[in-house]
Number of protein chains: 2
Amino acid sequence: MQSPSAGSGRSLREIKTDAVAASIAATALVLFEEKGFDRVTVDEIASASGISRRSFFRYFATKEDVVVSGHAAFGEKIIERVKARPADEDVWVSLRRGYDVLVENVDRNPEGAARTMRVINGTASLRAHTLEKHSAWAVGLAPEIARRLGDADGRRLEADALVHASFACLDVALAHFDPGGDASLGTTLDAAFGALRPERTR
Amino acid sequence: MQSPSAGSGRSLREIKTDAVAASIAATALVLFEEKGFDRVTVDEIASASGISRRSFFRYFATKEDVVVSGHAAFGEKIIERVKARPADEDVWVSLRRGYDVLVENVDRNPEGAARTMRVINGTASLRAHTLEKHSAWAVGLAPEIARRLGDADGRRLEADALVHASFACLDVALAHFDPGGDASLGTTLDAAFGALRPERTR
DNA sequence: ACACGAATGGCACTCAGTGCCATATTCGGC
DNA sequence: GCCGAATATGGCACTGAGTGCCATTCGTGT
């Protein structure tokens, strides 16, 4: 078979694999919400998903990845968004706009996002994992911000501070955000960024 | 025996226990630097320390705690320092001064701090653990900052953003800090805080 | 029908962490 | 100095995450 239907870049196998992974993740998330992340064993998830324990670890490298792996791609997307902002824009604004990727995603599927956030916020190791991932994204994002600041040597630390602080705002906004309430995540994020607005970011 | 020598609050047993724990930690840290954190098993640490595996877990709840537990008390100390600052001081300055506890500790024992930082920065799970701990400290510190901002409801998110951002500055400063170099951690921290200085923090 | 590669399942293994119990060590009072 | 009680230690067996290896099965193209 070649090009199933006007070939999207992915083969049939990949599509099926992704679908299975999504199904496992959905099953697991329900269990995590019921019993708590670390009172659910991989064996339970596997049998509830109709696969073997060994196969589970072929879809997800770790139990944490079931919850977190869906967010892996966002790092790159945020960087792309920031790079696409006008070169003379205030970097604090550019950073804020980068996170619109996440805001859109949450707005698109509020219940799912809320469920995931509940599980993450209720589990120390998942919170830690998330923070570390954000920190890693920050490292990737910092060079772009340094470039916009002029890239003088003294600006590297400044760029790092701005980027990490912006992720701190994101984490605060995610913690304050009430998925059932009337305020969008975007509004909460605006408030966090506004609270911190640095004196000179150009 | 009562009051060994003008009794400090701790019994002989406690003193010995702390000494043993410190000895285990020192031994373990050397191994971690040689082979990398996750290529050292608890069995190795235990036998290198002359204790049983089971006893190791009586001194440290987890393998990570060998590296991290020494920092546990700093959260409270930072909060104390901030509370001791003048009530009308700019909160951004108060936060910066709170971290002097850590600066003093690093300055007091630069080689040990450097060794610990190398191990932490070289291990993802330890980085994650550290960030989560900082985040937990931030939660404890936020009410004090909110109080200083006036404690109006709208200020809670502002306080959270400021506190988390200040920890972001700390993490950035720790990452940039060169223990062998001429700049003190305090100077690096000043630079990070200066880079971010928010517009209005009173 | 057949062959080939990928997906799956089963098994045994390492390692972190825990509960339980038996033993040794230390501390208190006498 | 002696003894009972608390405490520290070690050994053992267990759970659960994660991995390597191998046999089997499934999907696909010829």
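Note on naming: letters A, B, ... go to the chains in the order of the sequence lines (proteins, then strands), and numbering restarts at 1 for each one.
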Do A:R147 and A:E144 sit within salt-bridge range, that is, some charged N less than 4.0 Å from a carboxylate O? yes
Mind checking if B:F60 touches a base, just sugar-phosphate, or nothing, with heavy atoms under 4.0 Å? nothing
A:H129 atom NE2 is separated from D:dA17 atom P, nearest whole Å, by 15 Å
A:E14 CD - C:dA6 P separation (whole Å): 12 Å
State plainly whether the residues A:R81 and A:E104 are in salt-bridge range, i.e. N to O under 4.0 Å. yes
Report the distance from atom CZ of A:R58 to atom C1' of D:dC21, rounded to the nearest whole Å. 10 Å
Please determine, for the side chain of A:F57, which listed nucleotide (C:dG9, C:dT18, D:dA17) has the closest atom? D:dA17
The answer to which of B:A61 and A:F56 contacts DNA chain C further toward the 5' end, by nearest nucleotide, is A:F56
Taking every heavy atom of B:P198 against every heavy atom of A:L196, the minimum-distance pair comes out as CB-O, 3.3 Å
Which sits closer to the 5' end of DNA chain D, B:R53 or B:K16, going by the nucleotide each is nearest to? B:K16
Check the orientation of A:F56 and A:F60. Use parallel for under 30°, tilted for 30 to 60°, and perpendicular for over 60°. tilted
Starting at CZ of B:R54 and ending at C1' of C:dA16, how long is that distance when rounded to a whole Å? 12 Å
Enumerate the residues from residues 25-50 of chain B whose closest heavy atom to DNA chain C is under 4.0 Å, giving them by residue number; use none for an empty result. B:V40, B:T41, B:V42
Evaluate the ring planes of A:Y99 and A:F167, with Trp represented by its six-membered ring, and classify them as parallel (under 30°), tilted (30 to 60°) or perpendicular (over 60°). perpendicular
So, does B:S55 get its side chain near the phosphate of D:dT9, meaning an N or O under 4.0 Å from OP1 or OP2? no
If I take atom NZ in residue B:K63 and atom P in nucleotide C:dC15, what distance separates them, rounded to the nearest angstrom? 10 Å
Got a second to check how far A:H164's NE2 is from B:D171's CG, nearest 0.5 Å? 7.0 Å
Checking contacts here: which listed nucleotide (D:dG11, C:dG9, D:dA8) is nearest the side-chain heavy atoms of B:Y59? D:dA8
Do A:R97 and A:E89 meet the salt-bridge criterion of a basic N to acidic O distance under 4.0 Å? no
